Amino acid sequence: MKRFCDVIANHMATIVIIVAVLALFLPTTFSWCPTSWISPMLGLVMFGMGLTLDPYDFKIVFTRPKDILIGSLAQFTIMPFIAYILAKIFGLNDELTIGVILVGCCPGGTASNVITYLAKGDLALSVGMTTVSTVLAPLLTPLLTLALAGARVEVNAWGMFISIIEVVILPIAIGVILQHFWPKQTKQISCYLPAFSSTVIAIIVGSIVASNSSKLLESGLLIILIVILHNICGLTLGYSVGKLLGLELKKQIAISIEVGMQNSGLASSLANLHFALYPMATIPGAIFSVWHNLSGALVAKFYAHQIEK
């Protein structure tokens with residue numbers, strides 16, 4: 001069973017791509033999974049993340065405050081700004097604008113720690129950045145979304161705050177509590193969590209793509225291009241920030257990956273909950289989920305080669 005789960009976790013990018021293509025051309029294959037399930041399923045992924053956290057992940061925030069501050073500032077400035085600029089340059093409609101901005105305003109993705117590990121970057125910094133950006137998300141994600149998209153669409157910042165608490169913070173907190181009081185039991189199942197999270201994320205992507213397949217076939221290339229540019233700019237600028245500030249290569253790699261890989265599942269969940277009048281707003285998050293796993297695998301190999309050199 002563990003070997004099977006390892007195969008799923010190690011081939012997450014391929015699985016998500018296959019699911020996305022299947023949902024796009026055969027949307028009925030995901031008719032059993034309505035978009036109303038997105039938030040509960042994301043909550044399960046966040047719960048799994050909580051089960052893997054230990055006290056050291058929180059201690060790093062206080063033992064390395066400079067690194068965490070640099071990474072967190074980069075996280076919540078670079079990606080939101082790029083999202084806004086891309087929406088302006090390509091003249092996106094309200095639906096896609098809110099979707100792209102939501103992706104940019106979300107915290108770091110749960111897969112970033114795995115990619116940083118494979119890239120031989122500073123894993124402790126990556127985990128610390130993910131933890132801090134996730135804790136800050138209930139406050140910063142709604143406020144940034146309001147600031148960048150509020151002029152175009154109605155943004156319920158308070159409602160988004162509550163949703164992030166319910167979908168992200170609460171499940172993680174429950175997971176951390178269980179891990180603290182029952183460490184042996186949680187350790188026994190921790191090896192299966194990456195495969196579980198990969199499967200749930202793939203289902204979320206399938207549900208979103210299937211529900212918007214006809215519109216996606218009409219304008220999919222533009223959305224894919226913007227998502228790719230968003231991700232590449234995040235990876236590049238995140239790396240550049242670390243380099244300009246004279247951080248060591250492993251820290252540069254961690255910041256690059258953490259900035260470039262977003263919790264795009266949260267973006268789709270918030271779009272589905274708070275922007276129901278704009279169904280295409282869920283699409284950028286779904287495509288980002290597909291693409292950043294693929295790009296993450298590629299940059300991991302590139303960065304690992306740089307470390308070896």
Side-chain angles (χ1 to χ4, degrees), residues 5-17 19-20 23 30 33-54 57 75 102-103 105-117 126-127 129-138 141 160 162-179 186-187 189-209 257-258 261-273 282 284-294 296-297:
C5 288
D6 288 341
V7 170
I8 294 176
N10 293 334
H11 295 85
M12 178 181 177
T14 303
I15 293 171
V16 173
I17 290 171
V19 167
F30 282 88
C33 184
T35 54
S36 59
W37 290 10
I38 293 173
S39 294
M41 287 192 293
L42 181 62
L44 287 175
V45 175
M46 294 298 101
F47 171 71
M49 176 183 173
L51 289 176
T52 64
L53 294 175
D54 61 45
D57 300 326
Q75 174 74 52
L102 277 171
V103 171
C105 296
C106 279
T110 54
S112 60
N113 307 142
V114 177
I115 298 300
T116 301
Y117 171 76
S126 175
V127 173
M129 282 181 61
T130 301
T131 304
V132 169
S133 67
T134 301
V135 171
L136 292 175
T141 297
M160 290 176 64
I162 297 300
S163 294
I164 297 173
I165 294 292
E166 292 175 345
V167 176
V168 178
I169 302 300
L170 190 58
I172 289 177
I174 294 172
V176 170
I177 291 170
L178 291 178
Q179 195 276 341
T186 54
K187 190 174 182 179
I189 65 171
S190 62
C191 59
Y192 304 108
L193 292 175
F196 173 76
S197 297
S198 299
T199 302
V200 174
I201 290 170
I203 293 172
I204 290 173
V205 170
S207 174
I208 294 169
V209 172
I257 293 171
E258 196 66 30
M261 297 187 70
Q262 299 292 86
N263 189 339
S264 45
L266 176 60
S268 293
S269 174
L270 292 174
N272 185 61
L273 287 172
T282 59
I287 295 178
F288 204 99
S289 295
V290 177
W291 169 254
H292 80 168
N293 284 293
L294 179 59

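What you see is a predicted model, and the numbers here were worked out from it, not measured in a lab. The first residue of the sequence shown is numbered 1, and numbering continues consecutively from there.
Donor-acceptor pairing under 3.5 Å is lacking for the side chains of Thr116 and Glu258.
A pairwise comparison of heavy atoms in Phe30 and Ser207 identifies CD2-N, 4.1 Å as the closest pair. Between Cys106 and Thr141 the shortest heavy-atom distance is CA-OG1, 3.9 Å. A pairwise comparison of heavy atoms in Ser133 and Pro107 identifies O-CB, 3.3 Å as the closest pair. Of all non-hydrogen atoms in Val19 and Gly206, the two that sit nearest each other are CG1-CA, 3.7 Å. Minimum heavy-atom separation, Leu51 to Gln179: O-CG, 3.1 Å.
Residues satisfying the side-chain hydrogen bond (donor to acceptor under 3.5 Å, both in side chains) criterion with Gln262, sequence neighbours excluded, are Gln75. Take Thr186 and apply the side-chain hydrogen bond (donor to acceptor under 3.5 Å, both in side chains) test, not counting sequence neighbours, and it matches no residue. Partners of Ile203 by side chain to side chain contact (heavy atoms under 4.5 Å, CB included), not counting sequence neighbours, listed by chain and number: Trp32, Cys33, Met41, Thr199. Residues that satisfy the side-chain hydrogen bond (donor to acceptor under 3.5 Å, both in side chains) test with Ser269, not counting sequence neighbours, are Ser39. Remark: Ser264 engages Ser289 in a side-chain hydrogen bond (donor to acceptor under 3.5 Å, both in side chains) (not counting sequence neighbours). Taking Pro40 as the reference, nothing meets the side chain to side chain contact (heavy atoms under 4.5 Å, CB included) condition, with sequence neighbours excluded. Judged as a side chain to side chain contact (heavy atoms under 4.5 Å, CB included), and not counting sequence neighbours, the contacts of Val290 are Val16, Ile17, Ala20, Val205.
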Donor-acceptor contacts, no H, no angles, side chain residues 163-178, under 3.5 Å, sequence neighbours left out:
residue, atom, partner, partner atom, Å
Ser163, OG, Gly159, O, 3.0
Ser163, OG, His274, NE2, 2.6

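A distance of 10.0 Å separates CD1 in Ile204 from CG in Leu266, rounded to the nearest 0.5 Å. Note that the NE2 atom of His292 and the CG atom of Asn263 stand 8.0 Å from one another [nearest 0.5 Å].
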- Output, in order, the C-alpha distance, side-chain angles, deciding distance and verdict of side-chain contact (heavy atoms from CB on, under 4.5 Å) for Thr130 and Ser112. CA-CA 8 Å; Thr130 301; Ser112 60; 3.4 Å; yes

- Message: Please evaluate residues Val45 and Phe196 with respect to the criterion side-chain contact (heavy atoms from CB on, under 4.5 Å), reporting the C-alpha separation (whole Å), side-chain torsions for both, the decisive distance (0.1 Å), and the verdict.
- Response: CA-CA 8 Å; Val45 175; Phe196 173 76; 5.5 Å; no

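Looking at Met160 and Leu273, their side chains never come closer than 4.5 Å, going by heavy atoms from C-beta outward. Counting heavy atoms from C-beta outward, Leu42 and Val200 have side chains that stay 4.5 Å or more apart.
Formation of a donor-acceptor pair under 3.5 Å by the Ser268 side chain with backbone atoms of Thr282 is found in this model.
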